[in-house]
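Taking it in order: structure first as structure tokens, then the write-up.
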Amino acid sequence: MADQSVIDLNTRIHDRVFDLLRSEPRGPLLDIGAGDGTLALRLQDDGFDVSAVDLTAKDFKADGIHITCADLNDGIPFPDGQFGVVIATEVIEHLENPWFFIRELYRITESGGVVVVSTPNLSNVFTRGWYALTGRMYNFLDSAYRDIGHITPVHLWNLKRMIQGKFDLESVTVNASPVPKTRLMLPTRSRLFGQCIIVKLRRLAGPSTAVRQVWMDSRIVRTDS
């Protein structure tokens, strides 16, 4: 049985997703890393035409929603510009190449569409303090690597680099502020204490696919067509 505290914190992520989508037009939406389908069902009930994708469908319980099985390290298996909204909660830190994943999010989202991404907040005071004391990131300890597959830390400052020329960053929020190793929950949702960051991105007008950036001679930047 899943830990109730984990369920509660995930529900708070889902609640923030709904806050960010409140004013968006309803239409085709993709839930990436859909898990058991809890978020997909909520989005469908809210009026979106929901599709889902995950590595496996063994836990997916959302009747009436089609799920595609795919390894997201190889790409997102949908046509260019198919979705007006794309959701990827707690996915990017499980992937080998977040830069490639951002390019794929750009590719499958229509111009002017919205992408919502969440990932562990690596800038909160708890994570910074743990790193200062141990040299390790709290959300990426051996237990997180072994048990839940956290393999790629994504800082907000680096995510901003990844989206350059592809998305505008419209909003940043957090799910909740639990105190690690305790049952305490702080009455705030500031980035200083938040457990996970949730960002809302607006897809810029441009070509259907984003080119890959290549760094040459330590400072020359070109794009690879």
Side-chain angles (χ1 to χ4, degrees), residues 2 6-7 10 13-14 17 20-21 24 26-46 48-111 113-120 139-140 144-154 158-159 162-163 166-167 196-204 206-213 224:
V6 173
I7 294 174
N10 284 339
I13 294 175
H14 298 173
V17 170
L20 295 173
L21 296 182
E24 298 301 323
R26 273 42 185 165
L29 177 150
L30 179 64
D31 182 14
I32 298 177
D36 65 3
T38 298
L39 178 58
L41 278 176
R42 284 188 64 182
L43 292 164
Q44 180 176 255
D45 291 343
D46 199 48
F48 288 100
D49 178 14
V50 179
S51 300
V53 62
D54 208 330
L55 181 63
T56 174
K58 67 181 178 66
D59 297 321
F60 193 71
K61 305 283 194 305
D63 292 339
I65 296 176
H66 178 72
I67 183 168
T68 299
C69 294
D71 183 349
L72 297 170
N73 289 299
D74 297 328
I76 306 173
F78 294 93
D80 299 354
Q82 181 168 340
F83 300 99
V85 178
V86 178
I87 310 297
T89 58
E90 304 305 286
V91 172
I92 195 169
E93 68 274 11
H94 296 269
L95 302 178
E96 294 179 347
N97 189 341
W99 294 76
F100 171 67
F101 183 61
I102 293 296
R103 292 198 299 274
E104 281 289 275
L105 293 176
Y106 172 90
R107 181 185 62 78
I108 65 169
T109 305
E110 66 182 24
S111 179
V114 166
V115 171
V116 177
V117 174
S118 77
T119 194
N139 303 97
F140 293 84
Y145 169 77
R146 180 182 63 250
D147 298 337
I148 58 177
H150 279 193
I151 63 173
T152 306
V154 179
N158 209 21
L159 181 62
M162 297 176 196
I163 68 172
K166 307 174 188 68
F167 298 95
C196 295
I197 58 166
I198 304 104
V199 300
K200 180 181 181 180
L201 311 175
R202 181 77 59 180
R203 200 244 201 224
L204 299 174
S208 58
T209 59
V211 294
R212 180 169 56 92
Q213 292 179 311
D224 180 23

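With sequence neighbours left out, F140 forms a ring-ring contact (aromatic ring centres under 6.0 Å, His included) with H150. Take K200 and apply the side chain to side chain donor-acceptor pair (under 3.5 Å) test, not counting sequence neighbours, and it matches E24. Take T56 and apply the side chain to side chain contact (heavy atoms under 4.5 Å, CB included) test, not counting sequence neighbours, and it matches K58. Annotation: side chain to side chain contact (heavy atoms under 4.5 Å, CB included) contacts of S118 (sequence neighbours excluded): I13, T89, E90, I198. Applying the side chain to side chain contact (heavy atoms under 4.5 Å, CB included) criterion to L55, with sequence neighbours excluded, gives D71. Every residue meeting the side chain to side chain donor-acceptor pair (under 3.5 Å) condition with S208, not counting sequence neighbours, appears here in chain and number order: D80. Partners of D49 according to the side chain to side chain contact (heavy atoms under 4.5 Å, CB included) rule, which considers only residues two or more places apart in sequence or in another chain, do not exist here.
Taking 4.5 Å as the limit, every side-chain heavy atom of Q82 sits out of range of all side-chain heavy atoms of I108. Contact annotation: the side chain of I102 never approaches that of V115 to less than 4.5 Å [non-hydrogen atoms, C-beta and beyond]. No side-chain heavy atom of L105 sits less than 4.5 Å from a side-chain heavy atom of L201. For the pair L20 and V114, the minimum side-chain heavy-atom distance is 4.5 Å or more. At a threshold of 4.5 Å between non-hydrogen side-chain atoms, the residues L21 and I87 count as touching. In this structure the side chain of N73 never reaches within 4.5 angstrom of the side chain of N97, judged on heavy atoms. Looking only at side-chain heavy atoms (C-beta outward), V53 and P77 come within less than 4.5 Å of each other.
Applying the side-chain contact (heavy atoms from CB on, under 4.5 Å) test between F101 and each of T152, V154, L95 identifies L95 as the sole match.
Identified under the side-chain hydrogen bond (donor to acceptor under 3.5 Å, both in side chains) test for residues 31-44, with sequence neighbours left out: D15-R42, D36-T38. Annotation: salt bridge (charged side-chain N to carboxylate O under 4.0 Å, His left out) contacts involving residues 92-103, sequence neighbours excluded, are absent. For residues 70-92, the set of pairs meeting the ring-ring contact (aromatic ring centres under 6.0 Å, His included) definition, not counting sequence neighbours, comprises F78-F83.
The line from CD1 of I148 to CG of N139 is 8.0 Å long, rounded to the nearest 0.5 Å. Atoms CZ and CD1, from R146 and I151 in turn, are 15.5 Å apart once rounded to the nearest 0.5 Å. The CD1 atom of I163 sits 12.5 Å away from the OH atom of Y106 when rounded to the nearest 0.5 Å.
Residues C69 and A57 share a closest heavy-atom pair of SG-N, 3.6 Å. In this structure, F48 and V85 approach most closely via the heavy-atom pair CE2-CG2, 4.0 Å. Smallest separation of non-hydrogen atoms from H94 and G149: ND1-O, 3.0 Å. The heavy-atom pair separating G84 from T109 by the smallest distance is O-CG2, 4.4 Å. Closest of all the heavy-atom pairs between L41 and A62 is CG-CB, 3.5 Å.
Counting only distance, with no hydrogens or angles, the side chain of H14 and the backbone of L43 share no donor-acceptor pair below 3.5 Å.
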May I have the step-by-step check of side-chain contact (heavy atoms from CB on, under 4.5 Å) for T68 and H66, ending in yes or no? CA-CA 7 Å; T68 299; H66 178 72; 3.6 Å; yes
Before giving the answer on side-chain contact (heavy atoms from CB on, under 4.5 Å), spell out for D54 and F60 the whole-Å C-alpha distance, their side-chain angles and the decisive distance to 0.1 Å. CA-CA 9 Å; D54 208 330; F60 193 71; over 6 Å; no
side-chain contact (heavy atoms from CB on, under 4.5 Å) evaluation trace for R212 with W99: CA-CA 9 Å; R212 180 169 56 92; W99 294 76; over 6 Å; no
